[in-house]
Every structure is written in structure tokens, then in C-alpha cells.
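In what follows, a structure is listed as C-alpha cells, so that the remarks can point back to it.
Any value given below was found using the heavy atoms of this structure, including those in side chains, with hydrogens, waters and symmetry copies removed. As the structure lists them, so they are numbered: ligands from 1, and atoms in each ligand from 1.
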Amino acid sequence: MHAGSSQPPAPLVRLVSSPKDLQQALCIRLAVFVHEQGVPPEEEIDLRDLDADHLLAEVCGRAVGTARVVRLDAGTARIGRVAVVRRSRGVGVGWALMRACEVVANPWARSIILDAQVQVFGFYERLGYIREGDVFLDCGIEHVRMRLAL
Ligand SMILES: CC(C)(COP(=O)(O)OP(=O)(O)OC[C@H]1O[C@@H](n2cnc3c(N)ncnc32)[C@H](O)[C@@H]1OP(=O)(O)O)[C@@H](O)C(=O)NCCC(=O)NCCS
């Protein structure tokens, strides 16, 4: 990058491939969902974490975001736990994470579902996800189901 450029460095998104990577991903989730949003820690980590594909977004070698992809059935993937640390929001990290999740699901999934917090509904809508059904509460936070056909 040229000196004085205001372009933020592009995020690099990759699959978690070591216990250290997973620890970094879980630390981001704890910071965002438990400490920032008040989700109970015992609900944040669940059994789906054992068989999910976890992704880690890095900027300049620092872990700044994470998400996971769960295989629900033969044709449906579920993206969840999408989190970007506060200081790195608004510069494309979440977008890059979502597109990387879709690449992970694409070989076997026909559609992707997710439960969007109502306050970030617009983020997923911009990515092409379509709302399905009514608002519901999960961990005291309003959510809405959304789907993307692949
Ligand atoms: C939601 C979240 C993952 C978005 O990540 P981010 O890195 O800030 O998003 P990006 O910078 O990649 O934004 C991509 C696009 O979505 C838009 N966007 C981002 N957050 C948005 C929001 N809350 N509402 C509507 N649009 C939003 C951006 O403006 C951008 O659109 P543009 O390209 O037209 O400018 C991040 O804010 C976050 O971690 N929030 C706390 C955890 C959370 O709520 N996770 C979602 C659980 S369902």
C-alpha cells in the first residue's frame, strides 16, 4: 500500500485449521456475543461447534472475525456465529466472511439458512439473503430466519 493511502488492508478469510485458530475464533465470539451482547456463555458455545467448519478472518495477521458453517442436512447449510470485533467493523470483514462461508457450503448445499439478529438484518439482505417467517426471540435477542438459494 502507498504511504498515506486510506484504503484499509483487505481481510484474509481461511478455515480454522489448528487448536490455536479455534481458540482465537471462540475468543472473538465471547468478546462479541457474551461480553458485548450479553448472551450467556453456556449458550454461546454448543455441540454444533464440534462438527462445524469454523472460519477466521485476519487483517495484517490479526484475527478480527469469525463465523461457522453447519451441515443441517444433505442440501442445507446453516451459517452462524458471525462476529467481527468492534474496532474492525464497517470495512468489509463481515462481507468477506459471509462470502467465504458460502464457498465452503457451495460444493454440497443447495441453500443456506441463518437466523439474523433483527438489528443486522440489512447486512444479510445486502448479501442476497431473503427473509422467511416472523421475528422470534433467541437468548433474549430478536431474530428472523433468512435464506439464500445457491
Ligand atoms: C454484523 C457484522 C458481522 C457486520 O460485519 P462488518 O464487517 O461490520 O460488515 P461489512 O463492513 O462487511 O459490511 C458489509 C455491508 O453490510 C452493511 N452493514 C454492515 N452492518 C450492517 C447493519 N448492522 N445493518 C445494515 N447494514 C449493515 C455495510 O454498510 C456494508 O454495505 P455496503 O457494502 O453497501 O457499504 C458486525 O457488525 C458484527 O460482528 N456485529 C456484532 C455481532 C452480530 O450482531 N452478528 C450477527 C449475528 S446474526
Quick check for you: to the nearest 0.5 Å, what is the distance between C101 atom SG and L127 atom CG? 10.5 Å
So which bit of R89 gets within less than 4.0 Å of ligand 1, heavy atoms only: side chain, backbone, both or neither? both
Residue portion contacting ligand 1 (non-hydrogen atoms closer than 4.0 Å) for L114: neither
Is the ring pair Y129/Y124 parallel, tilted or perpendicular, if the boundaries are 30 and 60 degrees? perpendicular
N/O of W95 under 3.5 Å from N/O of ligand 1, yes or no? yes
Are there more than 12 heavy atoms of other residues, nucleotides or ligands under 6.0 Å from atom CZ of R110? no
Salt bridge present between E132 and R145 (N-O < 4.0 angstrom): no
D115 touching ligand 1 at heavy-atom level, < 4.0 angstrom: yes
Who's the nearest protein heavy-atom neighbour of atom 45 (N) of ligand 1, and how far? V82 O, 2.8 Å
Verify the contact flag for atom 5 (O) of ligand 1, where contact means a protein heavy atom under 4.0 Å away. yes
CD (E36) with more than 12 external heavy atoms under 6.0 Å: yes
Looking only at protein heavy atoms, what sits closest to atom 39 (O) of ligand 1 is V84 N, 2.8 Å
Is there a side-chain contact between T76 and D73 (heavy atoms, below 4.5 Å)? yes
Do E44 and R81 sit within salt-bridge range, that is, some charged N less than 4.0 Å from a carboxylate O? yes
Is V120 reachable from L148 through a run of hydrophobic residues whose side-chain heavy atoms are each under 4.5 Å from the next? yes
Protein heavy atom at shortest distance from atom 26 (N) of ligand 1: R126 NH1, 3.2 Å
Answer yes or no: does an N/O atom from A83 fall short of 3.5 Å to an N/O atom of ligand 1? no
Which of the numbered atoms in ligand 1 are under 4.0 angstrom from any heavy atom belonging to G122? 25 (C), 26 (N)
For the hydrophobic clusters of this structure (ILVMFWY residues joined by side-chain heavy atoms under 4.5 Å, transitively), does one cluster hold both L97 and I113? no
Residue V93 vicinity, atoms of ligand 1 by number, heavy atom under 4.0 Å: 7 (O), 12 (O)
Any N or O of F33 closer than 3.5 Å to N or O of ligand 1: no
Is it true that atom CG of D51 has more than 12 heavy atoms of other residues, nucleotides or ligands lying nearer than 6.0 Å? yes
Regarding atom 22 (C) of ligand 1: of the candidates Q119, E125, H143, which has the closest heavy atom? Q119
To which of F123, F121, Y124 does the heavy atom nearest atom 9 (O) of ligand 1 belong? F123
Just which atoms of ligand 1 are under 4.0 Å from any heavy atom in V32? 41 (C), 42 (C)
Is R68 reaching over with its side chain to a backbone N or O of L55, donor-acceptor style, under 3.5 angstrom? no
Let me confirm one number: the CG-CZ distance from L56 to R14, rounded to the nearest 0.5 Å. 5.5 Å
Under 4.0 Å, heavy atoms only, figure out whether ligand 1 is touched by the backbone of E36, its side chain, both or neither. neither
Ignoring hydrogens, tell whether any protein atom lies closer than 4.0 Å to atom 2 (C) of ligand 1; use the non-hydrogen atoms only. no
Quick one: does atom 11 (O) of ligand 1 have a protein heavy atom under 4.0 Å from it? yes
What about G92: any of its N or O atoms under 3.5 Å from an N or O on ligand 1? yes
Under 4.0 angstrom from ligand 1, any heavy atom of Q37? yes
closest protein heavy atom to atom 7 (O) of ligand 1 is G94 N, 2.8 Å
Atom 8 (O) of ligand 1 sits nearest the protein heavy atom G90 N, 2.9 Å
Can any side-chain N or O of D49 pair as donor or acceptor with the backbone N or O of I45 at less than 3.5 Å? no
Exercise: identify the closest heavy-atom pair between A83 and I28: O-CG2, 3.9 Å
Under 4.0 Å from ligand 1, counting heavy atoms only, is it the side chain of V120, its backbone, both or neither? both
Residue V91 vicinity, atoms of ligand 1 by number, heavy atom under 4.0 Å: 11 (O)
